[in-house]
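Heads up, the thing below is written out as structure tokens.
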Amino acid sequence: MNCAMRRQSYDEILRVPHDVARIDIPTAYADRRIGFSVVRAIKSKISGLASLEDSLGSGRLHSTAKAELSLISTLLARATYDPPVGMALQTMAAEAAAECAWIAFDSGQHSVADAYYSFGLQAANTAGTACLKSYLLVNLAFQRIEIGQTSDAFILLRAAESAAHEGQAVRVTALVHAVRALVHADWGDATACARATDSARSAIQRSEAHNSTDPAYWVTESVVEFFAGTALLRLGRAKDAIGHFEMLHSGAFPVQRYPRDAAIYYSQAATAHLKAGNFDTAVDCADAALKLLDYVCSARATEAMTHVSRALSRYRTIIPVREFLDRFQERGSSP
Amino acid sequence: MFRDERTVRHPLVALRKSASFSQPRYAEAVAKTHTALGFGHMAARREKVSRWESGRVEPELTAQFAIACLHHVPRELVERLGWPHWLHAAIGKAPTEPNLWTVENTAEALRDAVRSAQGQSRSYLTVSGNTLSSLTDTVITILNSPPVPPERNGCRTVTTNGTATLLEAHITALEDMQQQLDAALLCQAARTEVQLLAELLTDTGYDRDTGIRLHHLAARAAGLCAEHALIFGDVATAETFSVASIQMSTMVGHAEMAAFYMYSLAASHLEAGDPCDSLHLVEVARRAAPKPSPCLVTLFFAREAQAWALLGRRDAAARAIEAAFASYGSTTEAVDSDVHLLTKRWLTQRWLNCVAGTTWLSLGEPRRALSYFMPLSDGKLALSADSPDCVALELLYTAKAYLATDELEQAVRSAGHAVQMLSTLSAHFLRQIRQLFLPHQAVPRVQDFLAKLAVWDVPGSAFIAYPTSDSAMARYSSGEESCGLERSTTPVADGK
């Protein structure tokens, strides 16, 4: 990492055309004094949207998420409210933007996601919610890793860690470390990767019981292990990675609640087993992922599945592999 | 009711007007074409066109061919779709065919309704007269032979019962917000829920339980959209959403909810100035739900009271409103009814008082009406649990009652309060205010009020900007200040 990169801030990384996430605020709205009851209702809808996204995947929720953000933006711009309500609305705007960004990212629309992250970070800064700011930054870092921009991701993670510390956001801190492990893995630094994974484990053990209002509610011990497994795969240590995906089978991870995430992790597990030469288990994992795709609409999950099937296609001569590939092809052509 | 004069009920009216014909000229043109086509002589009478447009009389087939020829519609379409469905095809709208009740068709109707709500909607009701009878017959027929609960197999993606639970929470939250924010702020969120549900219903598989829940949720989301459309004065879109809600509820055999949405559809007909169709809908709704919960009974009587009042039937209206109050007394007994859960936010004594007020107002008894409307306080409005749109409408009716009793000052105050209640003035709401005060525009106080409202006109906009400060409007409506409606170029958000 050079000095020039160290000086770079996340503001510079996020130079995106803001009009991508432009919210069309009807010019007519004005003057309605709103209170915390409205904020509570909005919070309930955003939490519900996040749960829906976990369940359905991102594909069908673009308009719904945008409508939520549009409502909040309209209220922020045109309604009348007391300062505490205004702060709470800014927080809601940041949360809604995080949801919009995640949905765009999961659908493969990275530039749109960037714009929402930028919008969300502005709102989180205005609201002074360090936890949300950190959450947005770590999600953005994760997105950068997915497109191979690990240096940017590293800078974003530093900012995220600092904000998470300020906001005493334990689950977000765990996520920061887990994602950092991926960066180190991509750089081939096994020691730093292991250190980051250990830090993620320590952080998640300090976290309190599940709280659906925490934006990082989905970060659990299982998720930290899946990230660790993914990092090991990236380091080329497939055999070591296998054990980290065991929670998929043990019931520790709620597969039905997070079918999209489970599909992606099953795909990773399949890849790990394939690289380790366990063809039957690789096919079992790929099959599990394929079945979960029935429940979700997610470009990332589909891409992960395609990646596995492409890797498997090199072993077409093995009967279980061939049968799986036929099932995969059949699904691709079904309505 | 504040009838919007621009609302045209029958598609033939739209078709005739699109060709710039008056009724007499149209009668002549149809008669001439009739003869030219070799169908023989036909009397060219304006009354004939008027009867066709009322929806109660169907033209002879040869007359329909003449009309079709006039508008370049192939005979085949006339024969295949029947009256008045082919008229919709002639003016570029999909025909309403109540007998084709499938998930795909209903979901498409929902999508169509969302599209029309977002764009230029037709200005007439399509489900009126004979078409309405056809719709209600279908409802009763389906409900009498319990439909098979819907399920879909063989789809690539599946919607689970868990997802339906999450969607329900989402829609309930939106319904809760109705009491706090006005329709203009919420309509987009409601439309996206409708689109999502339409997509899940047609593009994914589900088991029977989930299918039933998805249908219910689609009906609820469409019901919200219908309410919003009605608030904006868009009766046609409200009709489409209400019909979709009726279809969704009927298809899963939920008679009480189907009856509730028929009650909702009756509102579009009242708004369009057709109390007879409104009464017909309530009558069929009673048949559809033979053992309705008390809250549904209250709603039926309330709608009947309004319809009878519009027909000038004082005794029937008075009886209906009394029955509504009596039934309302026992509404709390039915806490487990789906309709109760849906209406508990707004079906209150206040709401019923407002219905009574509008009923007496329509019957030409404004003093009696005023005794039911919310009293105007000297200062700020009393806090109300009702939605901003409902309170604003009630205040507008109050203004109308004051005008009818020659209390002009109070009328202006009431209308001012109504404006103050809303974050957005829809073009429809503004038109209602203007319609109300136009006969009194020579009075300086009214002139001043109308002039201030004119400042907010935006040509071609569905919404009209509201003054930047509610205190300015409050001062104005309380009479402290004659001019408080200066337009600001910057938005106000004093919390920031």
Side-chain angles (χ1 to χ4, degrees), chain A residues 25-35 37-38 40-49 51-52 54-57 59-68 70-71 74-87 89-90 126 256-257 259 293-297 331-332 334-335, chain B residues 154-160 162-163 165-167 169-174 176-177 179-182 184-186 188-193 195-196 199-200 203-205 388 420-426 456 458 461-473 488 491-496:
Chain A
I25 298 171
T27 53
Y29 298 146
D31 276 7
R32 169 113 186 123
R33 182 162 288 278
I34 56 169
S37 55
V38 170
R40 276 194 295 273
I42 291 171
K43 174 71 190 169
S44 161
K45 287 198 78 206
I46 294 172
S47 300
L49 179 64
S51 302
L52 263 178
D54 290 335
S55 172
L56 284 170
R60 302 182 195 283
L61 294 171
H62 291 265
S63 304
T64 310
K66 197 170 177 183
E68 301 294 350
S70 175
L71 170 62
T74 302
L75 290 174
L76 270 170
R78 308 285 176 181
T80 312
Y81 38 77
D82 297 328
V85 173
M87 286 297 111
L89 273 178
Q90 290 284 2
T126 310
Q256 293 308 320
R257 189 174 163 194
L293 280 192
D294 284 350
Y295 299 94
V296 294
C297 188
R331 186 191 182 277
S334 68
Chain B
C155 294
R156 196 164 73 178
T157 52
V158 176
T159 301
T160 63
T163 302
T165 303
L166 294 170
L167 281 165
H170 213 237
I171 288 172
T172 303
L174 187 60
D176 287 340
M177 288 171 94
Q179 298 308 105
Q180 302 162 69
L181 301 175
D182 46 5
L185 288 166
L186 297 176
Q188 192 52 38
R191 287 173 201 161
T192 59
E193 300 290 351
Q195 280 172 316
L196 174 61
E199 201 175 309
L200 294 177
D203 298 354
T204 71
Q420 191 188 337
M421 282 309 297
L422 295 171
S423 64
T424 304
L425 287 190
S426 72
W456 309 104
V458 180
S461 169
F463 298 105
I464 306 300
Y466 176 64
T468 55
S469 158
D470 59 359
S471 55
M473 196 62 200
S488 163
V492 166
D494 64 10
K496 291 198 289 184

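Letters A, B, ... are given to chains in the order of the sequence lines, protein chains preceding strands, and every chain is numbered from 1.
For A:Leu89, no part lies under 4.5 angstrom from a heavy atom of chain B. For A:Val85, no part lies near chain B; criterion is any non-hydrogen pair under 4.5 Å. If you measure heavy-atom distances from B:Thr160 to chain A, the contacts under 4.5 Å come from the side chain alone. Looking at B:Thr204, the atoms closer than 4.5 Å to chain A (heavy atoms on both sides) all sit in the side chain, from C-beta outward. Residue A:Leu52 touches chain B through both its backbone and its side chain, counting heavy-atom pairs closer than 4.5 Å.
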Take B:His170 and A:Thr64 through the side-chain contact (heavy atoms from CB on, under 4.5 Å) test and state the conclusion after the steps.
CA-CA 10 Å; B:His170 213 237; A:Thr64 310; 3.7 Å; yes

Checking side-chain contact (heavy atoms from CB on, under 4.5 Å) for the pair B:Met177/A:Ile42: CA distance, chi angles, key distance, verdict?
CA-CA 8 Å; B:Met177 288 171 94; A:Ile42 291 171; 3.5 Å; yes

Checking B:Leu200 against A:Arg60 for the side-chain contact (heavy atoms from CB on, under 4.5 Å) test, could you report, in this order, the C-alpha distance in whole Å, the side-chain angles of both residues, the deciding distance, and whether it holds?
CA-CA 9 Å; B:Leu200 294 177; A:Arg60 302 182 195 283; 3.6 Å; yes

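Note that the NZ atom of A:Lys66 and the OG1 atom of B:Thr192 stand 12.0 Å from one another [nearest 0.5 Å]. Remark: A:Leu71 CG to B:Leu181 CG distance equals 6.5 Å, nearest 0.5 Å. Interatomic distance, B:Glu199 CD to A:Cys297 SG, rounded to the nearest 0.5 Å: 7.5 Å. Atoms CG and NZ, on B:Leu174 and A:Lys45 in that order, are 4.5 Å from each other to the nearest 0.5 Å. With rounding to the nearest 0.5 angstrom, the OG atom of A:Ser44 is 7.5 Å from the CG atom of B:Asp176.
Between the side chain of B:Gln180 and the main chain of A:Val38, a donor-acceptor pair closer than 3.5 Å is present.
Annotation for B:Ala173 and A:Ala41: closest pair CB-O, 4.4 Å, computed over non-hydrogen atoms. Of all heavy-atom pairs spanning A:Ser55 and B:Leu166, the tightest one is CB-CD1, 3.8 Å.
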